[in-house]
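Some notes on the structure that comes next.
Per chain, numbering begins at 1; letters A, B, ... match sequence-line order.
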Protein chains: 2
Amino acid sequence: MTEERRGPRERMVFSAAQLIRRDGVAATGMREVAAHAGAPRGSLQHYFPGGKEQLVNEAVGWAGRYAGARIARFVSGLDAPSPSALFAAMAGQWTREYAADGFAAGCPVAAATVDRASACTSTREAAAAAFAAWRDPLAEALTGMGVPGSRAGALATLMISTLEGAIILARAEADAGPLHTVVSELGPLLDSAVVPPG
Amino acid sequence: MTEERRGPRERMVFSAAQLIRRDGVAATGMREVAAHAGAPRGSLQHYFPGGKEQLVNEAVGWAGRYAGARIARFVSGLDAPSPSALFAAMAGQWTREYAADGFAAGCPVAAATVDRASACTSTREAAAAAFAAWRDPLAEALTGMGVPGSRAGALATLMISTLEGAIILARAEADAGPLHTVVSELGPLLDSAVVPPG
DNA sequence: CCGCTACTATGACCACTGTCATAACCGGTT
DNA sequence: AACCGGTTATGACAGTGGTCATAGTAGCGG
C-alpha cells in the first residue's frame, strides 16, 4: 500500500488522504502531512501553491480514482461474478482493514464532504467528482454482469451510499457488524437486477 | 425547529449539533456555539466543565434521541404504513431540508464519527449510542409493520446506513438525486420483508 | 445586612494553524 | 567559474483554538 518509489509530491497527496480519512480535514495539519510523507516542509508551498485547499482536493481526487480503479480488480478477482459478490468484495476490503488495523479510518471522500462541503465549494466539487469516478466504473461493471443500463447507475449509487453509511456505523460501533449486515441484506436485491442472458 | 423557551444549556447543545452537522467537529468553535445559541461565553465552562468533548458528546446524544423520536412521528404520519413508506419519509425530511435551505448540513452523528472516532473514545461511544437510539425504534417500527423480529434489526441498520451514505453523496453533488435513488431502489426490498398477517 | 449558590463576564495563556518571505542548496549547462 | 531552475530549509507572522483564573452579578433564605 505504501509505495516508496513515488515522488515527494505524490507521497504528500497520499499521506493527506490517509490522515484525512482518519482525523478529518480540519484536524489534519499541513506540517503533519509533510512529516507523515517524509517530505520536507518547504515542499508544501512549492508543490501546492494553492495551499491546503489544493492539497485536500488532490487527495480527494486521488481517493476517487483509487476507488474506481479497484472496481476492475474486484471484478477480475471474483470466481463467480455477480453484483452481490462485487458488493461483498467492496465491503470486504473494509472488514479486512478493520480486522487488521482497527477502526481508525474511514473514507477520505466522505470525510472531506462532511468537513468541507459547506465551507469550500472546490472541495465539494472534488468530492462529487471522486464519487463519480467511483460510481461510473461500478455501474459499468454491473452492466457487464447483466444489469440493465437503465438501472446500473441507480444500483451503483445505492451500493456506494450503503457502503459509506455502513463504514460510518462500523467505525462508531467499533464493530464490523454493519458491514456484514448490509452485504447480506442488500445482496439479493442486487442480484435480482440481473437480467438472464437468455 | 428553534425553540426559544429552552434554557441556555439546552440551547447550546442544540446549537452545537447544528454547527457540527454543518462544519464538522473540529471546525466548530466553542465561542461560536455560545454565540449561535445566544448564550454567554462564561456559561460554557459552567454547564460543560468537561469542555468541548462533553459538549460534542451531548450534542451527538441529543441528535440520536431526536432521530429516534422522529421514527414514531413518521410512522403515525403514514397513511399506508410500510417499510418503504417509512424509509421514504425518513429520506423526505432531508430532501425537504435540502430543497428549502440548500445542502449546507448533514447528520451530526456522522460528522462526529468521521471527525472524532479515532481521536476520542467517548465521542465514538456517544455516536454508537446515538445510532442505537435511532436504530432500535426503527427496528421496532418495522416489526410493527410485519417484519419478522429476526430481520428487523438488520433492515434498520441497512436503512440507516443507506440514508447516511445518500446524505453524504447528496451533499457532495449538491443534488438530492442520491436520496431519491436509494428510496426507490431500496423500497421493494424493504417491503418484501413484510410477512403477510395471514 | 450576611452568606450562599447559580450564573455570567472578561482577560490571559499557550499551543497550534496556514501562510508567507527569504535564503540556502544542488545538479546540470554554458 | 558563473549561472540557473527546481527544490529544500527556516523563521516569522497573524489568527484562532480550547482552557483556565479570576472577578463580578443576581437572587434568595436567614
Check: B:Leu78 and B:Met145 side chains under 4.5 Å, non-hydrogen atoms: yes
- Message: Closer than 4.0 angstrom, basic N to acidic O: yes or no for B:Arg21 and B:Glu164?
- Response: no
Interatomic distance, CZ@A:Arg96 vs CG@A:Leu179, rounded to 0.5 Å, equals 11.5 Å
Any Lys/Arg nitrogen of B:Arg41 or B:Glu32 sitting under 4.0 Å from an Asp/Glu carboxylate oxygen of the other?
no
A correct 5'-to-3' footprint of nucleotides 13-27 of chain D, with B, S and - meaning base, sugar-phosphate only and no protein heavy atom under 4.0 Å, is -----BBBB------
Atom CZ of A:Arg11 and atom P of D:dT7 are separated, to the nearest Å, by 13 Å
Q. Does A:Glu53 come within less than 4.0 Å of A:Arg116, counting only side-chain N to carboxylate O?
A. no
*Counting only heavy atoms not in B:Glu140, do more than 12 sit closer than 6.0 Å to its CD atom?*
no
Checklist entry - Under 4.0 Å between a side-chain N/O of B:Ser43 and OP1 or OP2 of C:dT8, yes or no? => result yes
Rounded to whole Å, the NE2-P distance (B:His46 to C:dT10) equals 17 Å
From CZ of A:Phe48 across to P of D:dT7 the rounded distance in Å is 12 Å
